[in-house]
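This report refers to the structure that appears directly beneath it.
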Amino acid sequence: MRTLVEQFPVKAIIGVLTAEPTILPTVYQRLTEHFGHLDYTSEFLPFTYTTYYETEMGEGIQRQFISFKNLIDAGALSDKKIFTNQVEQEFTEENTSHRRVNLDVGYICMAKLVLASTKDHAHRIYLNDNIYAEITLRFYHKTFQPWEWTYPDYRSPAYINIFNHIREIYREQLNS
């Protein structure tokens, strides 16, 4: 039997979607109460890859990626997804289904980017509490690379550059 090796902690990231960027300071305050201080915030990127969210969020949706200084246990991903779902609910307009913010939580480690989901699919693995994990990108040939199931926006050069940058922050954390 092989000896179990302790796993390195991973870097929590959140892909934030909103058509109301003015609410994000309040959303980020709520997130930092749980995850700790932010150590990276990307520029806003127009979210034009699908109109899927426009019905519930409106037009002019933008994406921003954030990461946190505190590293986490990869096994806590389902708990992080449950928490971010609660935060989304806190910012949903009362008596409507108008979601003002969508929080896609995941993590980056040296080998991959993993996202949490509430939806099952052939390429997702059940964690617990109705939460699944998906390896969205792999780090290969000195950059993140998509899989056949990777969402179109997560394949984009702009997103890949952001993830490579966050991975470099993570690498420096592990080395210090």
Side-chain angles (χ1 to χ4, degrees), residues 11-35 38 40-68 72 76-108 112-138 144-167:
K11 185 144 197 79
I13 66 160
I14 298 178
V16 180
L17 284 177
T18 188
E20 301 177 51
T22 57
I23 70 167
L24 292 184
T26 308
V27 172
Y28 291 174
Q29 175 61 39
R30 185 74 175 92
L31 294 172
T32 58
E33 291 168 4
H34 184 80
F35 287 91
L38 296 176
Y40 177 79
T41 305
S42 76
E43 298 294 321
F44 285 104
L45 303 162
F47 186 74
T48 57
Y49 296 92
T50 179
T51 58
Y52 178 82
Y53 295 101
E54 285 184 5
T55 301
E56 66 176 330
M57 297 183 81
E59 294 182 5
I61 298 172
Q62 298 181 67
R63 167 85 78 185
Q64 186 172 55
F65 288 97
I66 58 176
S67 69
F68 301 87
I72 64 167
L77 184 60
S78 61
D79 293 337
K80 302 304 181 189
K81 179 63 175 172
I82 290 166
F83 174 76
T84 57
N85 283 354
Q86 291 168 350
V87 173
E88 286 181 11
Q89 190 61 43
E90 290 171 21
F91 287 89
T92 298
E93 289 183 1
E94 285 189 45
N95 303 319
T96 73
S97 61
H98 180 72
R99 186 163 45 157
R100 300 170 69 200
V101 65
N102 178 323
L103 304 170
D104 294 328
V105 68
Y107 66 79
I108 286 177
K112 59 192 165 282
L113 181 148
V114 176
L115 291 176
S117 178
T118 58
K119 300 174 206 79
D120 190 12
H121 209 288
H123 60 280
R124 294 185 177 146
I125 297 172
Y126 183 75
L127 299 175
N128 58 35
D129 297 322
N130 298 314
I131 305 297
Y132 299 83
E134 167 186 304
I135 301 174
T136 301
L137 299 169
R138 67 189 183 277
F144 280 105
Q145 303 282 339
W147 300 95
E148 64 188 65
W149 56 78
T150 302
Y151 292 117
D153 52 335
Y154 279 79
R155 298 172 169 268
S156 73
Y159 285 28
I160 297 288
N161 287 337
I162 289 167
F163 302 139
N164 284 332
H165 182 75
I166 294 171
R167 182 183 179 273

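All of these numbers come straight from a predicted model, not from anything done at the bench.
Scanning all heavy atoms of the two residues, the minimum distance from A19 to E59 falls at CB-O, 3.4 Å. Nearest heavy atoms, P21 versus Q62: CG-NE2, 3.6 Å. Of all heavy-atom pairs between H98 and G58, the closest is CE1-N, 4.4 Å. A pairwise comparison of heavy atoms in P146 and L137 identifies CA-CD2, 3.6 Å as the closest pair. Closest approach of R124 to D120, counting heavy atoms only: O-OD1, 4.1 Å. Looking at every heavy atom in both residues, R155 comes nearest to T150 through NE-O, 3.0 Å.
For the pair W149/H121, no side-chain contact is recorded, criterion being any heavy-atom separation below 4.5 Å from C-beta on. In this structure, T118 and Y132 have side chains that are not in contact, with every pair of non-hydrogen atoms separated by 4.5 Å or more. Considering only heavy atoms from C-beta on, Y52 stays 4.5 Å or farther from M57 through its side chain. Residues L45 and I162 are in side-chain contact: their nearest non-hydrogen atoms beyond the backbone lie under 4.5 Å apart. Two residues are said to be in side-chain contact when any heavy atoms from C-beta on lie closer than 4.5 Å; Q29 and T26 fail this criterion. The closest side-chain heavy-atom distance from E88 to N102 is below 4.5 Å. The closest side-chain heavy-atom distance from Y49 to Y159 is below 4.5 Å. For the pair Y28 and V16, the minimum side-chain heavy-atom distance is below 4.5 Å.
In this structure, E43 places its CD atom where only 12 or fewer heavy-atom neighbours from other residues, nucleotides or ligands lie under 6.0 Å away. For E33, the CD atom sits in a packed shell: over 12 heavy atoms of surrounding residues, nucleotides or ligands are nearer than 6.0 Å.
With values rounded to the nearest 0.5 angstrom, H34 atom NE2 is found 8.5 Å from I72 atom CD1. Rounding to the nearest 0.5 Å places OG of S42 at 11.5 Å from CG of N161. Once rounded to the nearest 0.5 Å, the distance linking CD1 of I108 with NZ of K11 reads 8.5 Å. Summarising the geometry, atom CD1 belonging to I125 is positioned 10.5 Å from atom CD belonging to E134; distances are rounded to the nearest 0.5 Å. Taken to the nearest 0.5 Å, the CD1 atom of I131 stands 8.5 Å off from the CG atom of L77. For the atom pair L24 CG and R100 CZ, the distance stands at 10.0 Å (nearest 0.5 Å).
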Could you check I166 against L113 for side chain to side chain contact (heavy atoms under 4.5 Å, CB included), going step by step and ending with a plain yes or no? CA-CA 10 Å; I166 294 171; L113 181 148; over 6 Å; no

Run the side chain to side chain contact (heavy atoms under 4.5 Å, CB included) test on D79 and F83 for me, step by step, so that the C-alpha distance in whole Å, both residues' side-chain angles and the decisive distance to 0.1 Å come before the verdict. CA-CA 6 Å; D79 293 337; F83 174 76; over 6 Å; no

Mind running ring pair (Phe, Tyr, Trp, His ring centres under 6.0 Å) on F65 and Y154 for me, showing each step along the way? CA-CA 11 Å; F65 288 97; Y154 279 79; 5.8 Å; yes

Can H123 and W147 be said to form a side chain to side chain contact (heavy atoms under 4.5 Å, CB included), step by step? CA-CA 10 Å; H123 60 280; W147 300 95; over 6 Å; no

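Of the options E56, E90, E54, E20, a salt bridge (Lys or Arg N to Asp or Glu O under 4.0 Å) to R99 is made by E56 and by none of the others. Test I13, V105, I66 against F35 for side-chain contact (heavy atoms from CB on, under 4.5 Å) and you get one pass: V105.
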